[in-house]
Amino acid sequence: MKSNCIKDLKKYFDKDVIVQGFVDSIRDLQYVQFVILRDGNDKVQMTIEKEGNEKLVEIVSNLTLESTIKVTGKLLESPKVKLNGMELIPTIIEVTSTSLSELPIDIKKMDNALRETRLDYRFLDLRNEKNNLFFKCQTTVLNAMRNYWYENGFIEINTPKICAQAAESGAEVFKLDYFGQKACLSQSPQFYKQMCMASGFSKVFEIGPAFRAENSHTSYHATEIEMVDAEISWIDSVDDVMAMQEAWTKNYMNKLKEVHGEEIKKLFNLEVSDVSNSFPKIELASAKQIIKEKYNYVSDKVDDLDRKEEELICKYAKEKYKSDFVFITKWPFSSRPFYHMKDSEGYSMSYDLLFKGLEITTGAQREHRVDILEKQIIEKGIDPKELQFYIDFFKCGCPPHGGFGFGLSRVMMQIFEIDNIREATLIYRGPTRLNP
RNA sequence: GGUUCCGUGGUGUAGUGGUUAUCACGUCUGCCUGUCACGCAGAAGAUCGCCGGUCCGAACCCGGUCGGAACCGCCA
């Protein structure tokens with residue numbers, strides 16, 4: 001007989017079952033012992049009457065919390081048991097692994113240990129039910145993202161992470177020795193997804209790692225991130241990119257709410273954002289004007305939003321348009337990379353998507369006309385020779401195209417209103433965190 | 001990279017020059033007729049990050065060092 005998942009046990013009342021799990025808690029009373037078993041996020045109570053069960057009592061008396069056991073026994077329906085109204089009466093208990101009697105961190109109450117201590121013992125921290133649910137939800141989100149793209153004719157690509165040069169010059173890269181040649185870790189699949197446009201793939205996406213050697217000490221930066229990138233051809237303007245991202249975003253947000261909304265409400269005391277309204281689009285200059293008039297705040301930054309402005313404009317969008325998402329459009333070319341297309345007024349045809357007060361995406365129409373592209377490279381002070389391989393992509397015909405990229409953990413942390421990306425990443429990498 | 005702050009039992013903390021180094025959770029032992037945040041009693045557990053200095057005396061003051069965090073900047 002195979003082991004059963006605890007969540008499927010209801011089908012087996014009055015039958016013999018085998019269940020495996022972690023020892024979640026033990027309550028040892030005078031005449032009876034209760035052991036709560038946990039697999040994944042689901043729990044079941046095992047009950048042992050002491051009289052006549054000396055062997056089992058002996059095993060349970062020596063159990064430590066978080067050890068793993070395999071239990072064979074009969075499942076009874078017991079309304080008096082608060083945990084799912086059932087209990088398991090064991091005949092055999094096999095200890096399959098033994099845990100330390102004293103755990104390094106308290107996994108039941110996350111607040112009982114500092115974040116850094118919990119990250120040191122991430123394998124234990126992840127046993128916490130909130131963390132378990134979080135990564136189930138991330139799986140649902142990733143699945144919904146992919147499904148939307150599969151259903152809309154996108155090709156999934158996997159681009160190299162070892163590259164000869166940086167994808168966006170100026171940003172810090174991790175350098176490495178590549179058989180005597182200089183190489184670096186990819187910061188973004190930007191150039192290669194554009195290459196796929198020149199290759200006639202029309203619509204592509206990639207979900208994969210990106211590496212940033214920036215010594216950023218904030219709650220929303222990491223040195224290794226999971227990037228979600230998409231690029232589409234035959235567009236008329238950057239609006240087509242925004243429309244695609246909006247429809248795609250609504251799809252995964254709705255799916256998350258549909259599948260896990262109730263559990264999220266219960267464990268995180270949180271409502272998944274409603275996305276039934278259109279995402280508002282506000283031009284950068286208007287955003288600054290609104291922030292000044294409504295919140296009496298003026299930033300030192302002229303061609304970008306600072307952190308406070310991001311929060312304020314999101315607050316405004318929430319109040320006025322009932323949306324947690326807001327597009328900021330019409331950016332000065334000075335604050336954007338060379339590969340963004342300029343409009344007739346010289347603005348970059350790009351946008352940022354903000355979500356609950358934080359930037360989660362930059363998207364744009366790309367400059368696919370090789371002569372203009374070369375001019376923009378020079379305008380940004382880059383030697384075109386360094387980007388020759390990239391410029392060549394556009395010499396043999398290339399569709400008008402655009403796309404976006406975003407950091408998975410940053411979006412997940414915003415959905416769940418987790419205040420630090422370290423907790424929204426399975427195994428975090430940052431300037432001072434290389435282990436585990 | 002800039003600014004600010006923090007290192008005390010397993011965990012989280014109290015502690016502004018002399019304390020038996022506080023409290024909670026956890027751990028261990030005993031008790032407790034079914035618990036479900038079980039309860040009750042007791043016990044063990046800390047070279048106060050490290051090195052040096054001041055002082056009769058340092059967890060506490062000073063210097064250095066190591067480790068870490070928050071915010072800002074850079075971005076996703």
Side-chain angles (χ1 to χ4, degrees), chain A residues 24-36 43-51 61-62 64-66 76 78-87 89 99-121 124-125 167-168 170-173 187-190 207 209-229 299-301 304-308 310 335-337 352-355 358-363 404-414 419-422 424-425 430-433 435:
Chain A
D24 192 79
S25 65
I26 303 167
R27 286 186 276 276
D28 193 340
L29 282 69
Q30 193 176 13
Y31 298 114
V32 65
Q33 289 173 321
F34 301 102
V35 178
I36 310 297
K43 296 176 188 176
V44 66
Q45 174 175 297
M46 172 170 82
T47 305
I48 299 147
E49 301 277 358
K50 287 191 175 176
E51 197 178 333
S61 299
N62 291 316
T64 50
L65 294 180
E66 296 303 312
L76 298 182
S78 310
K80 65 183 172 184
V81 179
K82 289 182 186 170
L83 185 65
N84 296 325
M86 62 171 85
E87 60 188 332
I89 311 300
S99 170
L100 296 171
S101 62
E102 196 152 39
L103 298 172
I105 55 169
D106 184 340
I107 64 169
K108 300 217 174 74
K109 297 194 195 100
M110 286 169 116
D111 295 342
N112 286 2
L114 294 175
R115 181 188 302 116
E116 287 304 303
T117 312
R118 288 193 283 110
L119 291 184
D120 287 340
Y121 298 97
L124 271 178
D125 186 43
E168 290 159 86
E172 291 292 317
V173 293
Q187 305 153 290
S188 160
Q190 183 63 35
I207 300 174
F211 306 89
R212 311 253 162 131
E214 284 170 33
N215 196 10
S216 298
H217 295 267
T218 75
S219 57
Y220 50 96
H221 281 89
T223 49
E224 176 171 352
I225 62 178
E226 215 54 37
M227 283 271 287
V228 179
D229 270 272
S299 166
D300 299 336
K301 283 188 173 179
D304 199 357
L305 295 175
D306 69 20
R307 289 287 301 114
K308 190 164 179 186
E310 287 178 1
S335 63
R336 306 306 242 192
D352 276 4
L353 179 61
L354 274 50
F355 176 35
L358 187 67
E359 176 195 339
I360 57 166
T361 303
T362 298
F404 66 85
F406 88 11
L408 177 65
S409 296
R410 214 181 249 196
V411 173
M412 290 298 294
M413 78 184 261
Q414 291 305 94
D419 62 11
N420 199 301
I421 199 166
R422 291 159 173 79
T425 308
T432 60
R433 174 65 69 176
N435 275 302

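Each chain gets a letter, A, B and so on, in the order the sequences are listed, and its residues count up from 1. The basis for the numbers below is simple: all heavy atoms, side chains too, and nothing from hydrogens, waters or symmetry mates.
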Sugar-phosphate, base or nothing in reach of K80(A), heavy atoms under 4.0 Å: base
Flag for S299(A)-D306(A): side-chain donor and acceptor within less than 3.5 Å: yes
Touch class at under 4.0 angstrom, heavy-atom based, for I225(A) against every strand present: base
Of S219(A) and P104(A), the one whose closest RNA chain B nucleotide lies more 5': P104(A)
Of the listed nucleotides U11(B), U35(B), A70(B), the one nearest the side chain of A113(A): U11(B)
G73(B) phosphate, OP1 or OP2, under 4.0 Å from T218(A) side-chain N/O: no
Minimum heavy-atom distance R410(A)-M413(A), with the two atoms named: O-CG, 3.2 Å
Considering all heavy atoms, the nearest Q45(A)-T47(A) contact: NE2-OG1, 3.1 Å
Sugar-phosphate only, base, or nothing, as touched by Q45(A) at under 4.0 Å among non-hydrogen atoms: base
Nearest-nucleotide pick for F34(A), side chain only, options being U35(B), C72(B), U27(B): U35(B)
Sugar-phosphate, base or nothing in reach of V81(A), heavy atoms under 4.0 Å: base
d(CD, E310(A); P, C74(B)) in whole Å: 10 Å
Whole-Å distance separating the CG atom of N62(A) from the C1' atom of C28(B): 13 Å
Touch class at under 4.0 angstrom, heavy-atom based, for R422(A) against every strand present: sugar-phosphate
Sugar-phosphate only, base, or nothing, as touched by L65(A) at under 4.0 Å among non-hydrogen atoms: sugar-phosphate
Distance below 4.0 Å between S216(A) side-chain N/O and C74(B) OP1 or OP2: no
Distance in angstrom units between M46(A) CE and U35(B) P, rounded: 18 Å
Interatomic distance at C1', G49(B) relative to C71(B), whole Å: 25 Å
Selected nucleotide, minimal atom distance to T432(A) side chain, candidates G34(B), G68(B), G12(B): G68(B)
Nucleotide nearest E49(A) (side chain, heavy atoms from C-beta), chosen from A69(B), A70(B), G34(B): G34(B)
Atom of P431(A), atom of S216(A) and distance for their closest heavy-atom approach: CG-O, 3.7 Å
Sugar-phosphate, base or nothing in reach of L408(A), heavy atoms under 4.0 Å: nothing
E102(A), nearest nucleotide to its side chain (from U35(B), G10(B), G68(B)): G10(B)
Touch class at under 4.0 angstrom, heavy-atom based, for T64(A) against every strand present: nothing
Close side-chain approach of S78(A) and M86(A), heavy atoms under 4.5 Å: no
Sugar-phosphate only, base, or nothing, as touched by S409(A) at under 4.0 Å among non-hydrogen atoms: nothing
Separation of the C1' atoms in U13(B) and A76(B), to the nearest angstrom: 37 Å
From C36(B), G12(B), U27(B), nucleotide with atom closest to R27(A) side chain: C36(B)
Among A69(B), G1(B), C75(B), the one nearest N215(A) by side-chain distance: G1(B)
Options C36(B), C75(B), G73(B), nucleotide nearest the side-chain atoms of K301(A): G73(B)
All N/O donor-acceptor pairs, side-chain side in residues 222-229 of chain A, below 3.5 Å, sequence neighbours left out:
residue : atom : partner : partner atom : Å
T223(A) : OG1  : R429(A) : O            : 3.2
D229(A) : OD1  : K193(A) : NZ           : 2.6

Nucleotide-level pairing of RNA chain B, given in dot-bracket where Watson-Crick and G-U pairs need both distances under 3.5 Å and | marks other strands: ((((((((.[[[..)..(....]]].(((((.......))))).....[[[[[..)....]]]]])))))))....
Any N420(A) side-chain nitrogen or oxygen under 4.0 Å from OP1 or OP2 of A70(B): yes
Spacing of F406(A) atom CZ relative to A76(B) atom P, expressed in whole Å: 13 Å
Test item: S188(A) side-chain N/O and Q190(A) main-chain N/O as donor-acceptor pair under 3.5 Å: yes
Between A21(B) and U47(B) - P atom distance, rounded Å: 13 Å
Phosphate OP1/OP2 of U35(B) contacted by T47(A) side-chain N/O (<4.0 Å): no
R115(A) side-chain N/O to A70(B) phosphate OP1/OP2 under 4.0 Å: yes
Protein-nucleotide distance (K108(A), atom NZ; U11(B), atom P), rounded to Å: 18 Å
Whole-Å distance separating the CG atom of D419(A) from the C1' atom of A69(B): 13 Å
Touch class at under 4.0 angstrom, heavy-atom based, for D306(A) against every strand present: sugar-phosphate
Sugar-phosphate only, base, or nothing, as touched by A210(A) at under 4.0 Å among non-hydrogen atoms: nothing
Donor-acceptor under 3.5 Å (K50(A) side chain, L29(A) main chain): yes
For atom CD of E87(A) and atom P of U35(B), their distance in whole Å: 12 Å
Whole-Å C1' distance, G73(B) and A59(B): 36 Å
Sugar-phosphate only, base, or nothing, as touched by L103(A) at under 4.0 Å among non-hydrogen atoms: sugar-phosphate
L65(A), I36(A), V44(A), L83(A) screened by side chain to side chain contact (heavy atoms under 4.5 Å, CB included) with D24(A), the one that passes: I36(A)
Candidate nucleotides C72(B), G12(B), A37(B), ranked by approach to the side chain of H217(A) - the nearest: C72(B)
Cation-pi geometry met for R422(A) and Y220(A) (6.0 Å, 45°): no
Integer angstrom distance from the P of U20(B) to that of U3(B): 43 Å
Any side-chain donor near an acceptor of the partner, T361(A) and E359(A), under 3.5 Å: no
First of L114(A) and S25(A) reached from the 5' end of RNA chain B, by closest nucleotide: L114(A)
Spacing of D120(A) atom CG relative to A69(B) atom C1', expressed in whole Å: 13 Å
Minimum-distance nucleotide (side-chain atoms of R307(A) versus C72(B), G34(B), C74(B)): C72(B)
side-chain contact (heavy atoms from CB on, under 4.5 Å) between D125(A) and I107(A), worked out: CA-CA 6 Å; D125(A) 186 43; I107(A) 64 169; 6.0 Å; no
Any R336(A) side-chain nitrogen or oxygen under 4.0 Å from OP1 or OP2 of C75(B): no
Nearest-Å distance once atom C1' is located in both C55(B) and G12(B): 33 Å
Nearest-angstrom distance, C1' atom, G67(B) to C74(B): 25 Å
Interatomic distance at C1', G57(B) relative to U19(B), whole Å: 14 Å
